[in-house]
Each structure stands twice: as C-alpha cells, then as structure tokens.
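Residue numbering restarts at 1 for every chain, and letters A, B, ... go by the order of the sequence lines.
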Amino acid sequence: MNPTLLINSLTLLTLTILLTPIILPFLFKNFKNTPQVTTRAVKTAFLISLAPTTAFIYSGVESVACHWEWKFIMNFKIPLSLKMDQYSMTFLPIALFVTWSILQFAMWYMASEPYVTKFFTYLLTFLVAMLLLTTANNMFLLFVGWEGVGIMSFLLIGWWQGRADANTAALQAVIYNRIGDIGLILSMAWLASTFNTWEIQQAVHPHQTPILPLMGLILAAAGKSAQFGLHPWLPAAMEGPTPVSALLHSSTMVVAGIFLLIRMHPLLATNQTALTACLCLGALSTLFAATCALTQNDIKKIIAFSTSSQLGLMMVTIGLNLPQLAFLHISTHAFFKAMLFLCSGSIIHNLNGEQDIRKMGGLQKMLPVTTSCLTIGNLALMGTPFLAGFYSKDLIIESLNTSYLNTWALLLTLMATAFTATYSIRMTILVQAGQTRIPPMVSMNENNPLITAPLTRLALGSITAGMIITSFITPTKTPPMTMPLITKTAAILMTILGIVLALELSNMTHTLTHPKPNPLMNFSSALGYFNPLVHRFFSKNLLEKGQNIALHLIDLSWLKKMGPEGLAELQVAASKAATSMHTGLIKAYLGSFALSILVMILMTH
Amino acid sequence: MNPYATSIMTFSLILGTTITISSNHWVLAWTGLEINTLAIIPLIAKSHHPRAVEAATKYFLTQAAASALVLFSSMTNAWVTGQWDITQMNHPTSCLLLTAAIAIKLGLVPFHFWFPEVLQGSPLMTALLLSTLMKFPPLTLLLLTSKSLDPALLTAMALASTALGGWMGLNQTQTRKILAFSSISHLGWIAIILVYSPKLALLTFYLYTIMTSAVFLALNKIKALNLSMIMTSWTKTPVLNATLMLVLLSLAGLPPLTGFMPKWLIIQELTKQEMTPAAMAIAMLSLLSLFFYLRLAYHSTITLPPNSSNHMKQWYTSKTPSTPTAVLASLSILLLPLSPMMHAIV
C-alpha cells in the first residue's frame with residue numbers, strides 16, 4: 001500500500017473539510033452556517049487527520065505535494081506545494097483537536113453573542129491560515145499563512161469593537177507583528193536572490209549562512225512569538241474573548257514564529273552567532289515574562305505571561321540546536337495552555353465577568369471539573385513528572401545543563417523555571433483554595449456538557465500527549481543519556497523550590513501585616529516599565545522626524561522659501577533699494593552723471 | 001495753447017528731427033538736437049503747474065548737458081581725425097563720450113534719473129512725444145556710429161537698464177512713471193543689440209513706438225493718470241480697456257502678440273554672437289517688467305474696483321471715434337505673423 005498517496009490525499013481531504021463551512025453557503029442557498037456546523041466540520045477534520053498521521057508514523061514517509069505553479073517571472077517559480085513531514089503531520093491533528101475543543105467550548109461561552117456565526121467563521125479562517133503556514137513548503141505560502149494569522153488575530157482581538165482597550169490592543173498586535181514581518185521579508189528577499197527559489201529544501205548554504213537573513217528570521221520570530229522587545233502585544237491581546245486567547249495566543253499563532261525557525265533550521269544550524277542570539281533572547285524573554293507574571297492579578301494575564309515565558313523556553317531550545325525538542329514542547333504546550341485558558345473562561349463566565357484572582361477563592365467546591373483541570377494544567381505547565389509538560393520541559397532543561405553554552409542563559413532559564421512554579425501555585429491557591437472572596441449572589445454551575453467535554457478531553461491530552469508523541473516520533477539527535485545527579489534533578493529541584501516559595505508566601509498572607517512597597521515588586525507589576533518607555537519614545541520620534549523632514553524641510557523651506565516666496569522677497573528688497581536712490585534732486589542726478597562718465601573713462605583707459 | 005504757438009512748436013519738432021536724421025556733419029546733428037530740446041520745453045510746461053515747470057527745468061538741464069557733450073565728443077574726434085563725418089567716428093574716447101551723451105539723451109542707466117520725473121510732470125500726449133519722437137534722433141546717431149561703439153559698455157548699460165526699469169516699475173502707481181520705466185527697459189533691449197545688428201535695433205524701436213503710442217492714446221482717452229483711474233474706467237470704455245490689456249501684454253513680449261517679435265529676434269541674434277549669458281540675463285530681467293504690465297492689464301480688465309458702481313455700464317460716454325488708437329492697437333497686437341516682412345523692410 002503506497003503510504004505517500006494516502007498521506008497526501010488524506011491531508012488534502014482534511015484541509016478541504018475545514019473549508020466547507022466557508023464554501024458551502026455560496027453553493028447551496030439554504031445552507032445555514034451555524035456554530036454547530038463549524039464545530040462538526042473541525043471535529044470531522046480532526047478524525048480524518050488521524051489517518052495520515054498514523055500512516056506517517058507507520059511508514060516514516062515524508063512527502064511534498066505540489067498542486068499548482070505560479071510562474072510570475074521567467075525563471076522564478078512559486079509552486080503551491082505542501083510538505084508532509086514529521087512537524088506538519090504531528091501538528092495537524094493536535095491543532096485540530098485543540099481547535100475542536102475550543103470551538104465546542106465557544107458554543108457555550110459566546111452563546112449570547114449576536115454575531116456568533118461570524119466569530120466562528122473568523123476562528124475557522126484563522127485555523128486554515130495556520131494550517132497553511134505549517135504545511136507550507138515554500139516561503140511564499142508560509143508568508144500567506146503568516147499574514148493570514150496576523151490579520152485574523154487583529155480582527156479577533158478587536159472583536160468587541162466598542163471597547164477602546166480592545167482596539168488599542170489589536171492595533172498593538174498588528175504593529176508588533178508588522179515589525180517582525182520586516183525581518184521575514186528581508187529573509188525572503190535574501191533567499192530569493194541567493195538561491196533563486198523560495199523552497200525551503202533548496203536553501204542549503206554550503207558554508208556558514210550569512211548573519212543578515214538569520215537576523216531577519218529571528219526578528220520575525222520575535223515579533224510573532226512575543227520575545228523580549230516585541231512582547232507587549234501578547235498580554236494586551238487578552239482583551240479578546242477567551243476562546244480567541246485559547247486558540248491564537250496560546251497554542252497556535254504565537255508558535256508560528258518558533259515554527260518558522262524550526263523549518264529554517266538547516267540554515268540556522270551553521271551560524272553559531274545566530275544560535276547564541278536565539279539562546280540569549282529566549283532566556284531573557286522567559287525570565288522577563290515569568291517575573292511579570294508573579295505579581296499579576298488578572299487570571300488571563302497570568303496565563304498570557306506564562307505563554308510568553310514558555311515561548312522564550314522554545315526559543316532557548318532553538319538556540320540549543322534542538323528543533324525537534326522545540327516542536328515537542330509546542331505540541332505539549334498546546335494542550336495544557338488551551339485547557340488553562342478554557343478553565344479561566346469557565347471561571348470568568350461563572351463569576352459574571354470577574355477576572356481578578358483576588359476576588360476569587362474556594363472555587364474547588366463549586367466548580368470541581370474546572371478546578372481539577374486547572375490543577376492538571378498547572379502541574380503539566382510546571383513539568384510535573386510524566387505529565388505532558390515533563391517530556392518536553394525536562395528534556396530541555398537537561399539538554400541545557402549538558403551542553404556547551406552561555407552560562408547566563410542557563411541561569412536565567414533555571415530561574416524562570418522556578419518562577420513558573422511560583423506563579424502557577426499562586427494562581428491555583430488564590431483561585432481554588434482557601435476562603436472564598438466572591439460576591440455572595442452568584443449562580444455558578446458547570447452542568448453544561450459544552451464546558452466539561454472539551455475540558456476533559458484536553459485534560460486527557462495534557463496527561464498523555466507527551467508520552468504518545470515521544471513514543472512514536474524518533475528523535476533526530478541523541479538525547480543526553482548520562483549526567484550527574486544534580487544536573488538530572490535540576491528541573492524538578494527548581495520547581496520544588498518555586499512551589500515552596502509560593503506556599504511560604506501564601507502563608508505570610510495569613511498574618512495580616514501590611515505589605516511594604518518595594519522596588520522589585522513595582523518592577524514586576526509595572527511589567528518592567530517597558531510599555532510606557534518604548535511606546536511613547538518611538539512614536540514621538542517618528543512623528544517629529546516626519547514633521548521636520550516632510551513639513552519643515554521640504555514643504556516650507558525648499559518649496560516655499562527657496563522658490564516663490566524667497567524670490568518675491570528678494571525682488572521687493574531690490575525694488576525698495578532702487579526707489580530710495582531716486583531722490584528727485586537734480587543736483588544728485590547731474591552729479592551721478594558726471595561720476596558715471598568719469599568712471600567710464602577711467603575704466604577704459 | 002495758442003494755435004500759433006502749437007504750430008510753431010510742432011513744426012520745430014519735425015524740423016529738428018529731420019535735420020538730425022538726415023545730417024552728415026556733426027554740427028548739424030547737434031543743431032537738430034538743440035532745436036528739439038527747445039521746442040518741446042513749452043509743451044512740457046504748458047499747464048503752469050509747478051510740477052510741470054520743474055519737469056521742464058530738469059529736462060532742459062539734462063538735455064543741454066547731453067547736447068554739449070555730443071558736441072564735445074565730435075570736436076575731439078575732429079581734432080584727432082580731422083573730419084566731422086558722423087559715420088567715421090573712430091577715436092575711442094570720443095566714442096565713449098558720445099555713448100554717454102546719447103545715453104543721457106535717451107535715458108539709459110545710469111543716466112536715466114531725469115526721465116521718470118519729466119514724464120510725470122508733462123501731460124500724457126507730451127509724454128508720448130518724449131517717449132517716442134524725442135528718442136529717434138539720438139538713436140539715429142547711435143545707429144550711424146554703431147560699428148565703432150564699445151559693445152561691453154553698451155551691454156552693461158542695457159542689462160542695468162532692463163533691471164532697473166523692472167525693479168523701479170514694480171513700486172509705482174502713477175501710469176506715466178510706469179511707462180517711463182517701461183521705456184527704460186525697452187531701451188535696454190535696443191541698446192544690447194545695437195552693435196551686432198543695427199537693423200534689429202531699429203525694428204525694436206519702431207515696434208516699441210507703435211505699442212507705446214497705442215498705450216498712451218488709450219490712457220489719454222480714459223484720462224488714467226494712476227492705477228485707480230484705470231480700475232474704474234471699464235464702465236466707460238469696456239472695449240478700450242480690453243484692447244489696452246492686449247497692448248500691454250504685447251509690450252511685455254508675450255508670444256502671439258507683436259511685442260514678442262523683437263525680443264525673440266534679439267535673443268536669437270545674441271545667441272548667434274556667442275552672448276548667451278547676456279541673452280538669458282536680459283530675458284529674465286524682463287520678467288520683472290512683465291509683472292507690472294500684468295498688474296496694469298489686471299486692473300484694466302480683470303478686477304472689479306472696491307468702489308462698485310451702481311450699474312455696470314454708464315449710458316453716456318464720449319464716444320468720439322479715434323482712428324490712430326485703433327490702428328496702432330491693431331498693429332501692436334496682430335503683427336507677429338508678418339515678422340519676415342517686417343524684418344526685411346527695416
């Protein structure tokens with residue numbers, strides 16, 4: 001049985017099924033596009049996508065399917081080609097599974113939304129763009145998917161358009177993504193001019209790849225995956241509805257940047273400078289995000305910073321020259337992060353829109369399924385042994401400890417691991433445990449299967465995904481087998497340290513002493529003072545430069561002063577000077593005649 | 001004025017001009033010039049207004065000095081070369097003095113100071129005579145001696161005249177002074193081409209005479225002594241104002257009108273003589289005078305005055321037909337297609 005044909009055709013079928021809710025209304029007039037239809041389409045697509053994945057696991061065949069070719073210049077062809085390798089084959093069912101659960105949850109969450117069909121269509125369009133990005137074989141299709149997810153992110157973050165904060169956040173997302181796009185286009189241009197193609201397989205440099213396109217790629221990844229410097233949009237993106245946060249800003253879109261680096265890995269591997277840049281950038285991002293998450297009080301913001309921190313960890317893995325491990329972390333992270341967002345969505349809706357964890361507490365008794373899944377998600381995030389996060393996170397920390405790298409990056413990552421545990425336990429304790437701080441009149445229940453089914457499914461995924469994926473995908477690089485005990489247990493030790501810290505701090509809150517303001521806490525609460533400093537500075541600079549150059553220099557100076565107005569002033573001055581010479585006194589005139597004649601005679605002799 | 005006196009003055013003017021034009025001997029030329037000077041003094045001071053008397057005095061002083069200088073230059077030439085022939089003016093200093101003297105007579109910079117004030121003090125028709133007829137004899141003398149004159153000096157005076165005529169004319173509101181400075185500008189054009197092509201200088205002078213006469217006659221009809229008079233005259237003579245606009249634009253040298261012809265031919269001749277920077281300079285300086293011609297044209301036709309009249313057209317006008325105005329205006333607007341013929345005739 002030819003596995004190639006099976007894989008190609010079934011992948012195409014999956015993608016086509018996803019498009020049906022969008023295409024069918026044009027074909028059949030009385031086709032109603034409801035959320036149920038969309039959810040069912042995604043579920044069907046997931047179930048079908050399991051088939052090519054199984055075929056791939058069984059046969060190990062990677063294939064490239066070229067469907068059409070766009071010849072827009074003579075010797076530069078852009079084929080519409082999809083690549084089915086281990087990354088896209090693994091990502092496809094995971095993304096579809098997570099999306100299916102999120103869509104099912106969104107049917108309950110967005111039930112009172114008047115434009116709910118449009119919302120689901122947007123989510124579906126986003127999913128199609130993301131899958132196009134992951135299965136793309138050339139930079140052109142990847143760019144199409146990249147821009148697609150960017151635009152859908154903008155539309156979805158600003159879903160509640162009447163809210164000024166939502167519009168600002170959407171604009172922030174678009175601008176930061178655009179800055180990253182500059183890097184991507186730079187790399188695409190370099191690729192096209194050096195290799196005369198945008199196919200990723202053909203981009204293999206014999207010696208070390210020059211640093212410029214790699215910096216472009218790293219910039220693109222930093223923009224899309226919210227690394228430090230281009231990170232403020234991710235916490236701001238929490239203005240969108242919770243399903244949007246769950247789908248875009250935890251599982252799929254933000255990993256697009258890391259995915260790009262994974263795809264371009266053969267180019268990156270030869271240049272040690274680029275790898276070190278990834279390493280340090282990732283380490284800085286992960287620690288910064290974890291520090292900011294420590295003092296956040298909005299539950300969605302905590303999870304957002306947690307996402308940012310894990311993205312930094314993925315960037316660190318890329319910097320260690322381990323793309324497969326980064327992809328493993330992407331896959332496992334998708335499960336528990338989406339679940340965390342869905343749990344927070346359930347809690348928020350049940351508390352009538354309350355997002356502040358200081359006003360929650362003791363929810364364990366009232367929302368048992370939700371809080372259990374929250375606990376499972378947090379444990380998976382921390383890297384609890386043999387849950388999903390363990391397989392990827394522990395491997396990353398072990399590889400960090402056993403490779404020859406920048407010590408500063410290592411220390412920062414370890415500290416970030418500890419902080420991850422701290423804020424996770426803090427969130428768990430404040431939300432679930434202890435005395436309740438919610439307003440008295442709430443009617444909360446999770447009787448609706450639309451809440452519990454997705455959560456349960458994702459919880460199962462969070463527990464088993466790590467084991468399943470590592471069982472079936474063979475690693476391309478040998479993992480470190482032997483190491484000292486302290487190195488082996490470094491991750492778990494830092495996690496335990498973080499947990500102990502969090503528990504100790506929560507104990508201190510029972511003694512009712514007034515907390516003193518200290519600069520470190522202010523730094524963490526104010527998100528590192530990054531937003532006010534950077535946002536004001538760059539935009540003011542740009543506007544001033546624009547005014548100086550375009551208005552003052554060009555328009556007013558050159559086109560007005562040097563041209564008509566300056567000329568007119570000169571003539572007026574000359575006219576005035578000449579008029580003052582004509583005094584009307586004949587004595588002066590005759591005298592000037594005599595003088596002129598004298599001068600003329602003297603000049604010629 | 002007494003008709004006898006007027007006829008004597010007119011006859012003397014014609015006599016003086018004819019004597020100078022047709023003379024071969026320097027003394028006879030000088031005689032003609034003096035007769036002209038003396039004949040026009042009473043015409044300037046006709047109304048015994050102090051300003052007119054002052055203008056007449058200034059005119060007499062400058063012109064007498066200039067005539068004396070003409071005689072002096074011819075005498076030094078006769079002393080050195082031994083002959084009084086006008087065309088054989090060979091001695092350089094004599095040429096220089098002659099150039100200065102004729103420049104005073106004509107009104108070229110830096111000898112132009114008398115011209116605007118004299119024109120302002122005289123009535124419009126006398127001003128016309130001063131601008132056109134009185135320039136003819138001195139110009140003839142220059143034409144006769146043109147091959148021995150210094151081109152550099154003439155070019156310098158010409159460029160300065162055009163420049164000063166432009167700049168000074170910008171600051172005037174009295175029409176006679178504006179026309180004085182326009183005359184100075186045109187004399188600049190004539191002077192620059194004098195050495196290279198005397199025929200072209202003569203053609204320029206003829207065309208300038210036609211155009212200026214048309215302007216003066218038109219202004220005389222509407223009695224416009226300053227800009228505000230022009231602005232309010234469109235109710236009385238609308239067609240004349242429209243024609244005045246065209247004649248003024250022709251004076252400025254705009255293409256489909258006659259005034260373009262001399263400018264074009266002069267620039268062509270200068271370029272052939274490898275004097276392109278001078279050609280460019282004189283053309284650009286004429287843009288200044290274009291501005292005040294446009295202002296005059298604007299005021300005569302295009303703008304409505306601040307004090308609006310009760311009705312658009314007055315029902316009574318002094319509609320005496322005036323043939324010279326019509327003929328001269330037509331000539332000054334429509335003569336451009338006949339350029340080859342004009343160039344051949346002169």
Side-chain angles (χ1 to χ4, degrees), chain A residues 189 193 538-605, chain B residues 51 54-55 57-62 64-66 69 72-73 92-101 103-105 107-118 120-121 150 152-154 156-157 160 163-172 177 180-181 184 284-285 287-289 291-292:
Chain A
S193 58
F538 282 113
S539 25
K540 178 162 166 279
N541 221 8
L542 194 66
L543 289 172
E544 268 181 359
K545 214 177 294 202
Q547 189 187 31
N548 275 339
I549 296 179
L551 185 64
H552 289 163
L553 198 59
I554 298 181
D555 273 355
L556 291 181
S557 291
W558 284 109
L559 297 181
K560 264 175 71 175
K561 268 275 164 356
M562 291 293 147
E565 277 189 18
L567 209 59
E569 266 183 52
L570 270 176
Q571 305 312 313
V572 166
S575 187
K576 281 193 203 161
T579 321
S580 60
M581 260 201 308
H582 289 63
T583 50
L585 305 171
I586 193 68
K587 191 165 72 173
Y589 293 173
L590 291 173
S592 79
F593 291 172
L595 194 65
S596 309
I597 295 179
L598 190 65
V599 166
M600 280 199 303
I601 294 179
L602 284 177
M603 270 182 31
T604 49
H605 292 287
Chain B
R51 182 167 238 146
E54 177 189 336
T57 318
K58 280 186 184 164
Y59 185 74
F60 174 67
L61 286 174
T62 46
L69 209 54
F72 179 63
S73 70
T93 317
S94 303
C95 282
L96 189 69
L97 284 174
L98 179 72
T99 314
I104 299 177
K105 279 244 179 252
L108 281 171
V109 167
F111 306 109
H112 68 285
F113 291 103
W114 57 275
F115 195 45
E117 279 129 36
V118 169
Q120 180 68 20
D150 186 9
L153 177 65
L154 274 175
M157 282 205 293
L164 199 89
W167 278 327
M168 284 303 294
L170 287 175
N171 209 7
Q172 308 299 330
K177 275 203 173 168
F181 288 112
I184 295 178
M284 299 202 45
L285 290 170
L287 287 174
L288 295 164
S289 35
F291 184 78
F292 60 76

Query - Straight-line distance of A:Ser575 OG to B:Gln172 CD, nearest 0.5 Å - result: 8.0 Å
Report task. State which residues pass side chain to side chain contact (heavy atoms under 4.5 Å, CB included) with A:Ile586; sequence neighbours excluded, sorted by chain then number. Result -> A:Tyr589, A:Leu590, B:Lys58, B:Leu61, B:Thr62
Requested in this report: Write down the atom of A:Gln571, the atom of B:Trp167, and the distance for their closest heavy-atom approach.
Outcome: OE1-NE1, 2.6 Å
Report task. Give a yes or no on whether A:Met581 atom CE has more than 12 heavy-atom contacts from other residues, nucleotides or ligands under 6.0 Å away. Result -> yes
Query - B:Phe113 and A:His582 aromatic ring geometry - parallel, tilted or perpendicular at 30°/60° bounds - result: tilted
**Report entry** Non-hydrogen atoms of B:Ala100 and A:Met600 that approach each other most closely
**Finding:** CB-CE, 3.5 Å
Requested in this report: Measure A:Thr604 against the heavy atoms of chain B and call it side chain, backbone, both or neither at under 4.5 Å.
Outcome: side chain
Requested in this report: Measure the spacing between OG1 of A:Thr583 and CD of B:Glu117 and express it to the nearest 0.5 Å.
Outcome: 7.5 Å
Query raised in the report: Do A:Val572 and B:Leu170 have side chains that get closer than 4.5 Å, going by heavy atoms?
Result: no
Report summary line: When every non-hydrogen atom of A:Ser592 is compared with those of B:Pro110, the smallest separation belongs to OG-O, 4.3 Å
**Report entry** Atom pair OG/CG of A:Ser580 and B:Asn171 - distance to nearest 0.5 Å
**Finding:** 10.0 Å
Requested in this report: Assess whether side-chain contact (heavy atoms from CB on, under 4.5 Å) is satisfied between B:Leu96 and A:Ile597, documenting all intermediate values.
Outcome: CA-CA 9 Å; B:Leu96 189 69; A:Ile597 295 179; over 6 Å; no
